[in-house]
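See structure below.
We count ligands from 1, going down the list as the structure has it; atoms in each ligand are counted the same way. Here the structure is a predicted model, which means the values were calculated and not measured. Just so you know, these numbers use all the heavy atoms, side chains as well, and skip hydrogens, waters and symmetry mates.
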Amino acid sequence: MEWKEDTLRILDQTKLPLTECFLDLKTMADVIEAIQSLRVRGAPAIGVTAAYGMVLAAKSIITSETATFRRQLRGMANSLIAARPTAVNLEWAVECIMEDLQNHPEIPATDIPKRILEHARMIHEDDQQRCKAMAENGQELISDQSRILTHCNTGYLATSGMGTALGVLFAAHARGKVGMVYVDETRPLLQGARLTAWECTKAGMPHTLICDSMAAVLMQEGKVDGVIVGADRIASDGSVANKIGTYGLAVQANYHGIPFHVAAPLSTFDAQLSSGESIPIEGRDASEVHTVMGRLQIGPDETPCWNPAFDVTPPSLISNIITEAGIFNAPFDTQAILEAIEMDRLGKGIFD
Ligand code: MRU
């Protein structure tokens, strides 16, 4: 993504892998539409997008009366946060910006858009650094010629850097350590088939696409050394919300004695939630299950569908959580997780 001349340019991920088409977002409504329709998606990427959305929101406010300006901005921030409920990075990015403004009541309305733009650029750059550090930290878990299974898309498209789980694999590939990446197609919206396979192809990384239903037998046949996935929200006990199907994979990996790794920046952790039960799970339109990408109908008109976009994997099924600050190993220590979040918020929350 690129910010230029009051416009956020993004690659429209709904068109991949067939068409590489860029889209210019010029209003906060454009940003909300792009997030909700998954033109831009992946927890860190929607956080950065929402940060630039705050710039567009601030620029659209007409009044120069500071209290009114700030009140209107708060309303717009709430609308941005509500665009998608599960990935906490969205709320994290928007609240970082709002907190900075709250800490600086002296900034007049006329200077707020500039201040937010500086902050959005910082969040953008910061996400890239987090990805790099995570990729490095994850290397100790990837042994030579590893055959790793991954789910959904967690690479360049899902972040503003090299990715989370897929970033770890890109770094391993650069060291010649990747034997094979098994890519789950990730129904219903096929982020694995459309996006991860596209990224692996571009990177020249050995990969094989499988249907989600094939993962268990692949493990049974001894072809998987480890599973690595990203996260949309992590509670302080280590419960991980991620793309629907992640929990099933964790159960399968556990049954077969295969390590199950999660890679996520600390901006994906939610210190307010002590367990996974209260993570809000986005329910999406039934048509995503009823059709393949809105094109081919695959079920009878009358058949109802259930479409939760995410699930929660309990900490007992997770071997490690790789972050930019280091690796949490199971069994997870809630106190250590809370301290890491606190350190991160102190370090990154201070804009001055
Ligand atoms: O619905 P999506 O495509 O936004 O879901 C994305 C995922 O679940 C990713 O695994 C998660 O955001 C981690 S991305 C670095």
task: Just grab all the side-chain hydrogen bond (donor to acceptor under 3.5 Å, both in side chains) pairs involving residues 323-333, residues at least two apart or on different chains.
output: Arg130-Glu324, Asn320-Asn329
Put together the list of close N/O pairs, under 3.5 Å, between ligand 1 and the protein, could you?
unit_1   : atom_1 : unit_2 : atom_2 : d
ligand 1 : 1 (O)  : Arg84  : NH1    : 3.4
ligand 1 : 1 (O)  : Arg84  : NH2    : 2.8
ligand 1 : 1 (O)  : Lys243 : NZ     : 2.8
ligand 1 : 3 (O)  : Arg41  : NE     : 2.5
ligand 1 : 3 (O)  : Arg41  : NH2    : 3.4
ligand 1 : 3 (O)  : Gln191 : NE2    : 2.9
ligand 1 : 4 (O)  : Gly42  : N      : 3.1
ligand 1 : 4 (O)  : Arg84  : NH1    : 2.8
ligand 1 : 8 (O)  : Asp232 : OD1    : 2.8
ligand 1 : 8 (O)  : Asn242 : OD1    : 3.2
ligand 1 : 8 (O)  : Lys243 : N      : 3.2
ligand 1 : 10 (O) : Asn242 : OD1    : 2.6
ligand 1 : 12 (O) : Ala43  : N      : 2.9
ligand 1 : 12 (O) : Asp232 : OD1    : 3.3
ligand 1 : 12 (O) : Asp232 : OD2    : 2.9

query: Do Asn153 and Arg194 pass the side-chain hydrogen bond (donor to acceptor under 3.5 Å, both in side chains) test, and can you show the C-alpha distance, the side-chain angles, and the key distance before you say yes or no?
result: CA-CA 9 Å; Asn153 172 263; Arg194 294 186 304 106; over 6 Å; no
message: Within this structure, what is the NE2-CG distance for the pair His261 and Leu141, rounded to the nearest 0.5 Å?
response: 5.0 Å
Carboxylate-amine/guanidinium contact Lys243 Glu185, below 4.0 Å: no
message: Once side-chain hydrogen bond (donor to acceptor under 3.5 Å, both in side chains) is applied, do any residues pair with Gln128, and if so which ones, sequence neighbours excluded?
response: His124
field: Under the ring-ring contact (aromatic ring centres under 6.0 Å, His included) test, residues paired with Phe69 that sit two or more places apart
entry: none
